[in-house]
Each structure stands twice: as C-alpha cells, then as structure tokens.
Amino acid sequence: MILQPIDFFVYAWLIIAVLSAVYVAHDQFRYNPEAPVMKWGFVLVTLYMGPIGLLLYVMADKEPAPGTHERFVRPLWKQGVGSTVHCIAGDATGIIFAAVVTALLGFPMWIDVIVEYVFGFLLGLLIFQALFMRDMMGGSYRENVRRSFLPELLSMNMMMAGMAPVMILLMMGRDMRAMWPSEPLFWFVMSLGVTVGFLIAYPVNLWLVAKGMKHGLMTVRAPEHQGPHDMHSHDEQSGHGAMAHMGESHEDAAEKVTRPQIVALTGVTLLALLAGMFVPGAFVNLGVRAEEVRSSIMPPGMITTPGTPAEAMRDMAAVDPRKVDYSAPATARGDRVLAPRIESGVKVFDLDASVIRWNILPRVQVAAYAINRQVPGPRLDLTDGDHVRINFTNHLPEAATMHWHGLVVPNRMDGPGYITQDPVPPGGRYVYEYVVQQAGTYFYHSHTRPDRQQALGLYGALIIHPRDSTAEPQTNYEYVVQLQEWLNRDGLTYPAMLMEGGLPNYFTINGKAYPATDTLRMKVGETMKFRFIGTNNNFIHPMHMHGGPFTVVARDGVMLPVAGRFQADVINVGPGQRYDVIWPAREPGKWILHCHIPHHTLNNNVEEKGAGGLTVLVEVSP
Ligand SMILES: [Cu+2]
C-alpha cells in the first residue's frame with residue numbers, strides 16, 4: 001500500500017533490484033567465465049544494490065566478447081570491485097539476516113548493530129572467504145580462515161562503518177516502517193546501506209588486492225575452452241595468480257606490506273567501525289526496539305533525540321491508513337443525534353470507536369478516530385434525571401476509555417484510563433452507567449492518551465435538557481459548535497498538538513472546515529442559541545460573531561443568573577470549556593461566526609471563498 005510519495009520509488013527500486021539480479025544470475029551462469037563464488041557474489045550484491053550492482057557487473061566483470069574476460073578484468077579498479085563484491089556478498093547477507101532476526105526478536109537497535117556486525121563478519125569469514133575460496137586458494141579450511149581473517153576484518157569494518165549509520169539514521173528517521181522487515185521500506189534502507197557500505201569498503205579492498213592479500217576477479221573456463229587443464233587451475237592472467245602481475249608490481253621491498261601499515265589500517269578501520277555504529281546514537285534513541293514503532297510515521301518537524309522514547313514516537317505518529325476500516329461518504333455529517341434503546345427505563349446507547357476516512361473538505365480526507373463512524377461522535381440528547389447506560393466498544397488499534405466531561409458520576413464511570421479503570425483494549429468493551437444529575441452543554445471524549453485520541457476525533461456532544469424545559473432561555477434555533485484542530489499532510493493524519501512538528505494546519509467546526517461547514521438560515525428578529533464546546537485540544541479560540549453582540553447565558557453547563565448574563569461579540573472558548581450564547585438576527589445578510597485567530601480560518605494556510613476552517617455562515621433573510 002502506498003502511504004508516502006517515497007513508496008513509489010521504493011517499490012520501483014526493489015522491482016529493479018530483483019530484475020537486475022535475475023539478469024546477472026542468468027548472464028553469470030550462462031555466459032560469463034567467472035569463478036562460481038564470484039558469480040554468486042555478483043548475484044547477491046546486485047540483489048542488495050539493485051541497478052548499482054548491475055552497473056558494477058557490466059562495467060567490471062561481464063565478458064565483453066568471447067575469450068576476452070582475462071584481459072577485461074585485469075585493471076586494478078576492476079579487481080578491487082571484485083574483491084569488494086566478494087566481501088559485501090558475505091557480510092551484507094549476514095548483516096541483513098541478523099537485522100531481520102533481531103527486529104523480530106525485539107532487540108533494541110544498539111544490540112541489533114552489534115549482532116549484525118558479528119553475523120556479517122562470521123558469514124563473510126567462515127563461509128564466503130574461507131569455505132568458498134578454498135578451492136581457489138588451496139590449503140585447509142583452517143588455514144584459509146587464518147589467512148582470510150585480517151583482510152576480512154579490514155573490509156568488514158569499513159563496510160559496517162558505511163552501512164550502520166545509513167541503516168540507523170534512515171530506519172529511525174521519520175518513517176519507522178523502515179525498522180520492520182515486512183515493510184518494503186526496510187529492504188530499501190538495507191539496499192541503500194549496502195550501497196554506501198560498498199563505497200566505503202572499496203578503497204581498502206583496492207589496497208588489499210593490490211598487495212595480494214585478497215582475491216579479485218577470476219576467469220574460470222569449462223574444460224573444452226581450457227584444454228587439458230583441470231577446471232580449478234587458474235589462467236595465469238587471472239585469479240589469485242594474477243595479483244602478482246598487477247600494477248606491474250615486483251617482489252621488491254617497496255611493495256611489501258609492512259607491519260606499521262597493517263596496524264595503522266586496522267586501527268583506522270576499527271575507529272571508523274565504532275564511529276559508524278555509535279555516533280548515530282548521538283542523534284537517535286538506539287534503545288528503541290523495532291516492534292515498538294513498527295508502523296509509526298512521525299510528522300515532519302517532530303524533534304526526536306536520543307532521549308525520545310518509543311511511546312512518544314507512537315503518540316505523535318500518523319494514523320496508519322491500513323487501519324482504516326470505513327470510508328465515510330464525503331457528504332456525511334457528524335454530531336448526529338443518537339436515539340437510545342429503552343431497556344427497563346434505562347436509556348441505552350452503543351458507542352463504537354474505530355478508524356475511518358472522513359472528509360473535512362470535499363477534497364481533503366483525514367484518517368480519524370471516530371465514534372459510530374462520524375466526527376464528531378453522535379450527540380447524546382439527554383434529560384436531567386435520565387438513567388443512561390453506554391456500551392463502549394473499542395475497535396481502535398489502541399486502548400481507549402470514555403469520559404463524561406463535567407458530569408457528576410460514580411468514580412468508576414468517570415473514564416480516566418489507568419486511574420479509575422483499565423483502558424478498554426482493542427476489541428474490548430466497557431459499560432458506563434449513571435444517572436444524569438445536571439443540565440446544560442457537556443461533552444464526552446477519550447480519556448486515555450487524549451492528546452492523541454481526542455485530537456484525532458474521539459469526542460461528541462452531551463446536550464442535557466432540564467426536566468422543566470421552560471427553565472432555560474428559549475430561542476428559535478440551536479446550533480452546537482464543536483471545535484477541532486487537525487494536522488493532515490501528504491495524505492497522512494497526525495494528532496495535532498502543541499509540539500514541534502505537531503501544529504495543526506486544518507480546523508473544523510463539527511468535523512467540517514469552511515466552506516464545508518453548515519450554513520445556518522434565520523430571519524430578522526429570530527434568535528439562535530450557539531452552544532460552544534471546546535472539544536479541541538490545543539488552542540483557546542476567540543469565537544467572534546458578526547452583526548452585533550450575543551448574550552452569554554451559560555458557562556460550562558451552568559446557567560448564569562440573569563444578573564450575571566452579559567453581552568459580548570467574542571467569547572474565548574478554551575479546551576474543555578462550554579459557553580451558551582444567544583444571538584438575535586438584527587439585519588438581513590450574510591453574517592459569519594468565526595475564530596478570531598486568523599490562521600484558524602484558513603485551510604492549510606489557504607483562504608477559500610473568503611475564509612476557511614473555523615467559520616460558519618449565518619444567512620439572515622428580511
Ligand atoms: Cu482559533
């Protein structure tokens with residue numbers, strides 16, 4: 001599934017890698033007179049490095065015309081390529097195998113890199129060098145292990161010095177899918193890591209080949225091409241035997257490898273290795289385990305440091321689009337009144353949380369945490385004294401609870417997760433039951449990680465009428481205003497929060513941004529009660545009405561005594577606050593209700609039809 005624009009490139013790269021490897025395998029085994037171990041080396045390296053591996057093969061090893069391989073592969077740079085290919089094939093196979101296993105076993109990243117190094121080194125040394133090369137080198141297996149140890153160490157150190165930082169920094173960057181082996185991005189990052197490891201290991205291999213300490217490319221021809229010789233005998237221009245001829249080297253003292261050279265080179269490669277493995281730890285948290293963050297994509301601009309725990313990453317991560325289980329029609333509205341079932345005098349409501357696709361504008365979809373497949377969740381229209389039972393079912397990918405904001409309820413019905421109850425796990429259910437003892441404007445919302453869950457849409461209105469309906473001020477109309485901030489970028493929805501990278505770019509009233517918000521219609525002389533609810537998480541929204549002041553008649557569900565009511569044309573609605581205001585239509589025309597933070601009346605910083613976001617149009621006719 002394509003979640004990010006980069007995914008197109010990732011899939012293309014992986015397909016090209018497989019096709020390239022198939023071509024190289026076909027060509028090597030069918031036509032190219034290369035030693036079997038090198039044939040395998042090129043196939044694996046092409047699988048890991050994709051088009052780069054293919055390029056190396058055709059430039060350095062593929063016989064251009066029959067009988068020319070011996071001459072073609074002679075240049076030192078090609079021998080260096082061969083040596084590096086051979087090293088990388090073994091090392092990278094071990095590293096990738098270890099990376100998959102350590103991810104699945106749930107090791108933290110810092111253990112991953114150590115296990116990867118050990119596996120890569122051992123596979124390179126014991127299998128690819130000592131075992132596969134024994135035929136070429138002659139001698140016993142043990143002898144070959146001893147002889148290969150130093151070249152393998154130097155080469156592997158440099159390989160890992162290049163590969164480790166690429167793996168660590170890309171895996172633990174914004175898109176943590178790269179940490180999990182079932183994600184294509186994991187394989188793409190591995191591919192980039194191997195490619196960088198190849199480049200870093202190349203100079204050392206070049207030197208090792210020049211000094212005759214490692215193999216380069218070889219030519220092995222079938223007996224009919226080779227005449228009476230044994231298949232394993234080397235052409236004198238190729239294979240190990242060729243080393244002595246390379247670079248017109250002579251067996252003189254100036255060309256001999258010295259102990260100081262070996263010591264200095266070993267030291268530098270070890271330093272490079274340690275730097276590659278542990279310097280990235282200055283930037284990312286190497287204590288994170290892949291399974292903790294396996295599908296997290298962090299918002300652009302989120303600050304992660306070595307001290308950022310996996311839980312913080314999950315908290316700010318995008319909703320995984322693969323978890324969406326319903327797409328609401330673009331025209332669907334939230335805040336629908338939910339009719340209760342009456343069971344023995346109890347009003348029973350079913351609230352079901354799940355991940356949905358929701359249009360906040362005709363062309364802008366968010367992935368929302370929704371109740372009963374709408375944003376905001378359904379409105380519960382209650383009356384003071386009602387006995388209610390609410391069956392809360394959680395189909396979200398994380399545990400959740402419901403809280404009845406402002407209501408007096410038994411403590412175990414209050415909803416704060418881990419405080420008054422265990423959070424309801426995915427697939428779980430909890431029954432909230434209480435008798436309503438208040439009247440006014442209230443709301444419900446998630447109280448488990450509300451900074452994430454409520455920001456993604458887990459809230460809805462509780463409108464509670466007094467037993468005596470004449471006890472509240474009467475108006476011609478009522479309109480509930482539920483606010484929300486959204487962060488939606490490149491098709492991914494993140495919970496908007498006041499953190500670096502978490503700032504919202506869309507704003508909605510009742511789940512829609514202007515111009516998709518409702519248009520209210522009234523006549524001059526009629527009155528409208530707006531019930532503002534601070535269902536949003538982050539900002540105080542100064543809600544402003546054009547066309548003259550309104551009268552504030554209630555705050556936080558509590559009716560103000562007549563003497564305490566006041567007129568205003570801006571009311572600051574903070575998170576959790578409610579205000580009931582009554583506005584009389586005085587003049588005909590188009591009057592707008594909007595937040596007075598101008599950024600909140602834009603859609604991703606774009607003005608549409610004169611406004612955006614937190615704006616509602618009131619059309620007053622004469
Ligand atoms: Cu605002």
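Atoms within a ligand are numbered from 1 in the order they appear, just like the ligands themselves. The analysis underlying the following values was restricted to heavy atoms, covering all of them including side chains, and did not include hydrogens, waters or symmetry mates. As the structure is a prediction and not an experimental result, all values here were calculated from the model. Numbering of residues begins at 1 and proceeds along the displayed sequence.
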Query raised in the report: Do Ile168 and Leu286 have side-chain heavy atoms sitting under 4.5 Å apart?
Result: yes
Report task. Measure the shortest side-chain to side-chain distance between His546 and His594 over non-hydrogen atoms and say whether it is less than 4.5 angstrom. Result -> yes
Query - Shortest-distance N/O/S atom, His541 versus the Cu ion (ligand 1) - result: ND1
Query - Pair Asn510-Tyr479, side-chain donor/acceptor within less than 3.5 Å - result: yes
**Report entry** Atom name, His600 (N, O or S, nearest to the Cu ion (ligand 1))
**Finding:** ND1
Requested in this report: State whether His599 contributes an N/O/S atom found under 2.8 Å from the Cu ion (ligand 1).
Outcome: no
Report summary line: So the ring pair (Phe, Tyr, Trp, His ring centres under 6.0 Å) pairs with at least one residue in residues 351-400 (sequence neighbours excluded) are none
